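Structure first, commentary second.
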Amino acid sequence: MGDKTIEMPDAKGYFGEYGGQILPPQMIAIMNEINDSYEAVTKTDAFQQEQKQLFADYVGRPSPIYYAKRLSESIGGARIFLKREDLNHTGAHKINHCIGEALLAKHMGKTKVLAETGAGQHGVALATACALVGIECEIHMGEIDIAKEHPNVTKMKILGCKLVPVSRGTRTLKDAVDSAFEEYMKDPVNYFYAIGSVVGPHPFPKIVRDFQSIVGKEAREQFMLREGKLPDLLIACVGGGSNAIGLFTAFLDDESVKMIGVEPAGKGLDTKDHAATLTLGVKGAIHGFECYNLQDSEGNPLPVYSIASGLDYPAVGPQHCYLKDIKRVKYESVDDKECLDAFMQLSRLEGIIPALESAHAVAHAMKVAKTMSSDATILVNLSGRGDKDADFVAEQLSL
Ligand SMILES: *Cc1c(COP(=O)(O)O)cnc(C)c1O
């Protein structure tokens, strides 16, 4: 089982024609050093013991699998199960790879962990992991985002990270990336740039996937134990693609298990307001790697949009691009309206308020469940909880 996780990427960080290191030579050297340390450090007993213990006692792993009976019965057709990543400490799957990255940085003897954040979800998860592990953390965030994302900004401050407001350019994520990267380049030997999904140059798509693969490993065992068979279909939302690849990896060799990644169609695939990278993107290089991405005719990244801020990224992880091309995973999209509907249905039928990101996966499960037989099963990765979205949704729906 799971041999493909070992096979891919190749030595240069490629998944088929995607991934790699589209970087200047001195950065390639730094990335290769991170890869070598990653391979050495994460195989030690000390690292594995520490990670295992923290996943159990701190994150609260394993997260349960829950049969959403009332939701399933209200739709008819396949039974829908949820992998409850929303129950993790800090409320989403991101803590899995943030703890991994913070531990890796510490074991490598780095002095500071750096990152950018947009809506603040990656910032909070990383600040949490750094507080836990005991390593300095610095998060760059656009001033516009700082004004919008008050609760996350407050949390980051409480958690003790250094929050750097970015006042240049659009004062949003794009400029925060540049700002954080400049700081990183001041001392890349002692600093660690913690990427927030399965994106960026090699080895990050591999590192983040490996730390997230615990989700699928647990789910496969839990589902077998409970149902005596594997699920027929896995569904997960795709921003950069970390929660999806985390669930999918353990099942890639199980031919009977179908998989769907769900992208945000925003206000519609025929508008400019979406982030359906795999559905509508073209092949090209962005942020140090090759993948499908949304770009204009000159190759500049297009503005992207989704009601779920964790999904609005103009690129996507290289392994997803590969899995799309070989047709191992299908990629579909769900628009804002369908997302909001699923958000409310899951809340009112199950008492589970999902993150708007995760509600995309739930919405697609609701669409396909009714086309499947009643002995079929769907396992949805419920990547996070919706506390952060509750006020916004209430306003949207005039509740
Ligand atoms: C950030 C986020 C996502 C999107 O990121 P992926 O790397 O695609 O998983 C999805 N769900 C939640 C709850 C998030 O916070």
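Since the structure is predicted, the reported quantities are computational estimates derived from the model, not experimental observations. Each ligand, and each atom within it, is numbered from 1 in the order the structure gives.
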Task: Transitive ILVMFWY side-chain link L382 to L356, under 4.5 Å - done: no
Open item on the list: Distance under 4.0 Å to a non-hydrogen atom of C237: what atoms of ligand 1 satisfy this?
Closed with: 10 (C)
TODO: Run the numbers for me: atoms of ligand 1, each under 4.0 Å from some heavy atom of G384, listed by number.
DONE: 13 (C)
Open item on the list: Students should be able to answer this: which protein heavy-atom is nearest to atom 12 (C) of ligand 1, and at what distance?
Closed with: S383 OG, 3.5 Å
Open item on the list: So for ligand 1, is S358 a polar contact partner (N or O within less than 3.5 Å, distance only)?
Closed with: no
Open item on the list: Once you measure the plane-to-plane angle for H122 and H97, does it fall in the parallel (<30°), tilted (30-60°) or perpendicular (>60°) bin?
Closed with: tilted
- [ ] Would you check if the distance from the ring center of F223 to the ring center of F81 is below 6.0 Å?
- [x] yes
Task: Distance from atom 4 (C) of ligand 1 to nearest protein heavy atom, with residue and atom - done: G310 O, 3.3 Å
Task: Closest approach of any protein heavy atom to atom 15 (O) of ligand 1, naming residue and atom - done: K94 NZ, 2.6 Å
TODO: Check the hydrophobic clustering (I, L, V, M, F, W, Y; side-chain heavy atoms under 4.5 Å; chains of links allowed) and say if L173 and V304 are grouped together.
DONE: no
Open item on the list: So that I can tick it off, tell me whether E143 and K148 are bridged by a salt bridge, with the cut-off set at under 4.0 angstrom between side-chain N and carboxylate O.
Closed with: no
Task: Ligand-residue contact atoms, ligand 1 with A355, heavy atoms, under 4.0 Å - done: 13 (C)
Task: Per-atom contacts, ligand 1 versus G239 - under 4.0 Å to a heavy atom - done: 8 (O)
Open item on the list: Looking only at the aromatic ring of each residue, does the gap between the centers of H202 and F15 stay below 6.0 angstrom?
Closed with: no
- [ ] Report the part of S242 (side chain from C-beta onward, or backbone N, CA, C, O) that has a heavy atom under 4.0 Å from ligand 1; answer both or neither where that applies.
- [x] both
Task: Cation-pi, Y191 ring and K112 (6.0 angstrom, 45 degrees) - done: yes
Task: Min N/O separation A92 to ligand 1 under 3.5 Å - done: no
- [ ] Check side-chain hydrogen bond (donor to acceptor under 3.5 Å, both in side chains) between E338 and all other residues, then give those that pass, not counting sequence neighbours.
- [x] K367
Open item on the list: Taking 4.0 Å as the limit for heavy-atom contacts, which would you say applies to H93 with ligand 1: side chain only, backbone only, both, or neither?
Closed with: side chain
Open item on the list: Using a 4.0 Å cut-off to any heavy atom of S197, which atoms of ligand 1 qualify?
Closed with: 6 (P), 7 (O)
